[in-house]
Amino acid sequence: ESSPAKLPLEPMLANEAPSNNFYEEVSGNTVNWGEDATKVECEEAVDCRPSLKDGSIRLSGGRDDTEGNVEIYHQGIWGGICDDEWDITEARIACKELGYPGVIAATHGGSYGHTPATIWMDNMYCYGGEKHLHKCRFDGWGVHDCDRTEAAGVRCEPIPPPSTTTSTTTPRPKIPMSHVAEHLEIRLAGGRVEEEGRVELKFDGGQWGVACGDGWGTREAMVACRQLGMKYAAASIVTHMFGGANMTRVVSGLSCKGDEDSLLDCDHDQAGELFCPGEGVYDIAGVLCTDSQADLEPDLSMLMTSAHLEDKALFLLQCAMEENCLASQAYEERQENPYWQHRTRRLLRFTTAISNTGSADFRPFIPKSSWQWHACHMHFHSMETFSHFEIINSRGERVVEGHKASFCLEDNDCVGVDPHYDCENYGDQGITAGCKDIYYYNIDCQWIDITELDVGTYIFKMSINPEYKIPEITFENNAALCTLYYSQMTAVINNCTFTRP
């Protein structure tokens with residue numbers, strides 16, 4: 001986001017091709033070297049092969065060529081893409097760049113294994129018209145706050161046979177666990193204490209086995225700990241450090257909402273004899289459980305009473321533009337109109353107040369050394385995707401490009417407890433149980449850009465911890481779902497209720 005600023009990335013490419021004729025477009029997850037590659041005399045045949053074009057992409061870890069984690073080539077190294085802000089827009093561009101007709105789904109959380117040791121991209125933001133991922137905006141090559149389990153991936157539509165005139169492709173459906181077993185036993189093994197270890201499962205009295213790590217995340221860990229009688233999840237872990245590499249894999253692609261009582265109530269991809277996407281031997285599901293946990297909840301009253309409109313010139317929004325807080329039309333205006341600074345944007349402003357109603361402090365999951373400095377707010381942000389704002393029409397379609405806001409986490413309003421966290425002077429960040437973190441409506445980026453929105457009635461949604469990065473007691477109260485009445489003069493948010501992100 002802010003350090004370094006997100007820019008169109010063409011000037012940043014280090015190894016641009018010397019000749020456009022030397023390369024062919026990426027097609028079918030491969031790169032054509034071109035005829036010229038065989039015409040140069042050299043000692044070793046491998047020396048004749050040119051370097052890949054900087055910004056080339058490929059898929060890895062999937063069941064076939066149409067799916068996998070997205071990897072990108074830069075400065076001679078294949079690296080991963082972090083799943084922060086990765087959604088269907090970025091996935092569609094990746095599939096098109098690889099030569100596929102469309103996208104089925106964007107995947108998160110290392111669904112096809114870990115990223116490579118190098119992670120090149122984080123917080124990607126594409127407008128939708130780009131032909132290559134490296135033309136999108138992101139934090140800068142190699143600038144990220146992710147670990148290798150946060151791999152972005154895709155499922156692309158396969159190329160239809162030549163005789164096919166029409167095709168309809170839907171995502172591979174998840175299968176309810178209850179369809180393959182009536183009883184499921186669970187235990188932890190290999191940990192230092194009884195609350196941690198690899199997750200071992202037994203179906204209908206069969207043999208104990210382990211779960212593949214593909215897609216294993218916070219919500220699945222929450223259900224596992226609940227089924228174990230250990231209350232809450234402290235962390236979801238995908239590793240071979242707890243052992244189990246030689247055990248049978250009994251399930252892959254577990255997918256839970258987080259509120260289930262048992263993993264038997266969740267969905268999965270395969271059970272029995274199965275394929276583990278990704279690194280396989282090393283990707284084993286594990287968990288760390290705890291008896292206390294945080295629980296975040298947005299303040300609905302402050303949201304509704306603070307909402308209002310403001311028209312503001314772009315020359316006053318330049319810092320916010322570098323933090324990706326405006327709709328794509330604003331960036332197009334900056335590129336095409338020499339007088340762009342005098343154009344105005346209409347902003348729907350509101351206050352975001354988040355209470356921690358749980359029994360433990362809410363802490364960021366990345367180390368302090370990885371926090372990023374944000375020039376707009378003049379402090380470090382410990383979570384790059386803490387809240388997400390969007391506006392939806394009556395058909396369920398997103399009509400305004402929401403943005404994912406980063407936060408500095410601190411105690412602003414505490415009841416019955418002393419505040420412990422403060423953003424000033426590189427202080428520790430978090431939200432103490434019993435305290436609120438408040439981002440008032442007058443703070444930069446505490447809005448949603450509705451300049452291109454038609455007047456009417458819509459659904460406004462504000463989600464906290466929207467990517468489920470950090471475990472909580474429940475996610476059922478992490479989002480506010482409201483009615484938005486918008487006219488040319490006023491905007492009113494009311495009828496808010498709690499829901500999941």
Side-chain angles (χ1 to χ4, degrees), residues 1 84-92 106 123-129 137 297-312 314 317 320-321 323-333 343-354 385-407 439-467 475 477-501:
E1 292 196 353
D84 292 343
E85 301 200 39
W86 179 264
D87 59 25
I88 199 69
T89 302
E90 288 75 30
R92 182 176 293 109
N123 292 317
M124 292 198 65
Y125 188 87
C126 301
Y127 302 139
R137 293 161 60 86
E297 183 177 285
D299 187 317
L300 302 184
S301 177
M302 291 190 74
L303 169 63
M304 290 186 286
T305 57
S306 63
H308 66 279
L309 297 176
E310 180 186 14
D311 293 336
K312 200 165 187 176
L314 278 173
L317 295 171
M321 290 186 78
E323 297 209 14
N324 256 359
C325 298
L326 298 176
S328 62
Q329 291 85 350
Y331 299 93
E332 295 170 2
E333 188 85 41
R343 301 302 296 268
T344 60
R345 305 296 297 177
R346 171 155 289 192
L347 310 176
L348 173 60
R349 287 187 174 272
F350 47 87
T351 294
T352 299
I354 304 99
T385 307
F386 182 69
S387 62
H388 184 214
F389 316 131
E390 55 187 334
I391 295 175
I392 305 164
N393 65 18
S394 58
R395 295 186 297 274
E397 303 165 338
R398 190 171 67 182
V399 291
V400 171
E401 296 175 17
H403 70 273
K404 298 181 180 179
S406 59
F407 268 50
Y439 262 52
Y440 289 98
Y441 63 81
N442 59 345
I443 295 176
D444 235 352
C445 293
Q446 193 51 50
W447 66 62
I448 189 167
D449 183 351
I450 62 170
T451 307
E452 284 73 33
L453 183 66
D454 295 329
V455 297
T457 302
Y458 299 94
I459 297 169
F460 174 86
K461 187 175 183 180
M462 177 178 72
S463 303
I464 306 301
N465 194 10
E467 296 177 342
F475 289 122
N477 58 348
N478 274 54
L481 195 67
C482 314
T483 302
L484 167 64
Y485 300 97
Y486 172 52
S487 70
Q488 285 293 344
M489 300 300 295
T490 60
V492 177
I493 293 177
N494 60 19
N495 298 327
C496 292
T497 57
F498 290 118
T499 186
R500 60 187 300 109

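In this chain, numbering begins with 1 at the start of the sequence shown.
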> Of all heavy-atom pairs between Arg349 and Lys312, which one has the smallest distance, and what is that distance?
Replying inline: NH2-NZ, 3.7 Å
> Closest approach of Asn393 and Ile459, non-hydrogen atoms and distance?
Replying inline: O-CD1, 4.3 Å
>> I'd like to know if the side chain of Asn477 and the backbone of Glu297 have a donor-acceptor N/O pair within less than 3.5 Å.
In response: no
> What residues form a side chain to side chain contact (heavy atoms under 4.5 Å, CB included) with Asn495, not counting sequence neighbours?
Replying inline: Thr483, Tyr485
> Do Thr499 and Lys461 have side chains that get closer than 4.5 Å, going by heavy atoms?
Replying inline: yes
> In this structure, are over 12 heavy atoms from other groups packed under 6.0 Å from Tyr441 atom OH?
Replying inline: no
> Should Leu453 and Tyr458 count as side-chain neighbours, where that means a heavy-atom distance under 4.5 Å?
Replying inline: yes
>> If I take atom CG from residue Asp444 and atom CE from residue Met321, how far apart are they, to the nearest 0.5 angstrom?
In response: 12.0 Å
>> Looking at Asn478 and Ile464, would you say the former's side chain and the latter's main chain have a donor-acceptor pair under 3.5 Å?
In response: yes
> Can you name the residues that form a salt bridge (charged side-chain N to carboxylate O under 4.0 Å, His left out) with Glu452, not counting sequence neighbours?
Replying inline: Arg345
> Please walk me through it: do Leu326 and Thr451 pass side chain to side chain contact (heavy atoms under 4.5 Å, CB included)?
Replying inline: CA-CA 9 Å; Leu326 298 176; Thr451 307; over 6 Å; no
> Which pair of non-hydrogen atoms, one from Ile493 and one from Cys482, has the smallest distance, and what is that distance?
Replying inline: CG2-CB, 3.6 Å
>> Return the OH to OH distance between Tyr331 and Tyr125, rounded to the nearest 0.5 Å.
In response: 6.0 Å
>> Taking ring-ring contact (aromatic ring centres under 6.0 Å, His included) as the definition, give me every residue that meets it alongside Tyr486, ordered by chain and number, with sequence neighbours left out.
In response: none
>> For Pro501 versus Asn465, what's the shortest heavy-atom pair and its separation?
In response: CG-O, 4.3 Å
>> I'd like to check the side-chain hydrogen bond (donor to acceptor under 3.5 Å, both in side chains) partners of Thr351; sequence neighbours left out, ordered by chain and number.
In response: none
> Can you tell me how far CE of Met124 sits from CG of Asp84, rounded to the nearest 0.5 angstrom?
Replying inline: 12.0 Å
>> Using every non-hydrogen atom in the two residues, find where Ile354 and Thr352 come nearest and quote the distance to one decimal.
In response: CD1-CG2, 3.4 Å
> Between Trp447 and Leu317, does a side chain to side chain contact (heavy atoms under 4.5 Å, CB included) hold up when you go through it step by step?
Replying inline: CA-CA 12 Å; Trp447 66 62; Leu317 295 171; 3.6 Å; yes
>> Quick check for you: to the nearest 0.5 Å, what is the distance between His388 atom NE2 and Glu467 atom CD?
In response: 9.0 Å
>> Heavy-atom count check: over 12 atoms from other residues, nucleotides or ligands less than 6.0 Å from Tyr440 OH?
In response: no
> With Phe350, which residues qualify under ring-ring contact (aromatic ring centres under 6.0 Å, His included), at least two apart?
Replying inline: Phe389, Phe460
> Is there side-chain contact between Leu309 and Leu348, with heavy atoms separated by less than 4.5 Å?
Replying inline: yes
> CD1/Ile391 to CZ/Arg398 distance, rounded to the nearest 0.5 angstrom?
Replying inline: 11.0 Å
> With Glu333, which residues qualify under salt bridge (charged side-chain N to carboxylate O under 4.0 Å, His left out), at least two apart?
Replying inline: Arg343
>> Restricting to non-hydrogen atoms, name the atom on Ala480 and the atom on Pro298 that form the minimum distance, rounded to 0.1 Å.
In response: N-CG, 4.2 Å
> Which distance, rounded to the nearest 0.5 Å, do you find between the CE of Met302 and the SG of Cys496?
Replying inline: 13.5 Å
> Passes side chain to side chain contact (heavy atoms under 4.5 Å, CB included), Gln488 versus Arg346? Steps please.
Replying inline: CA-CA 10 Å; Gln488 285 293 344; Arg346 171 155 289 192; 3.6 Å; yes
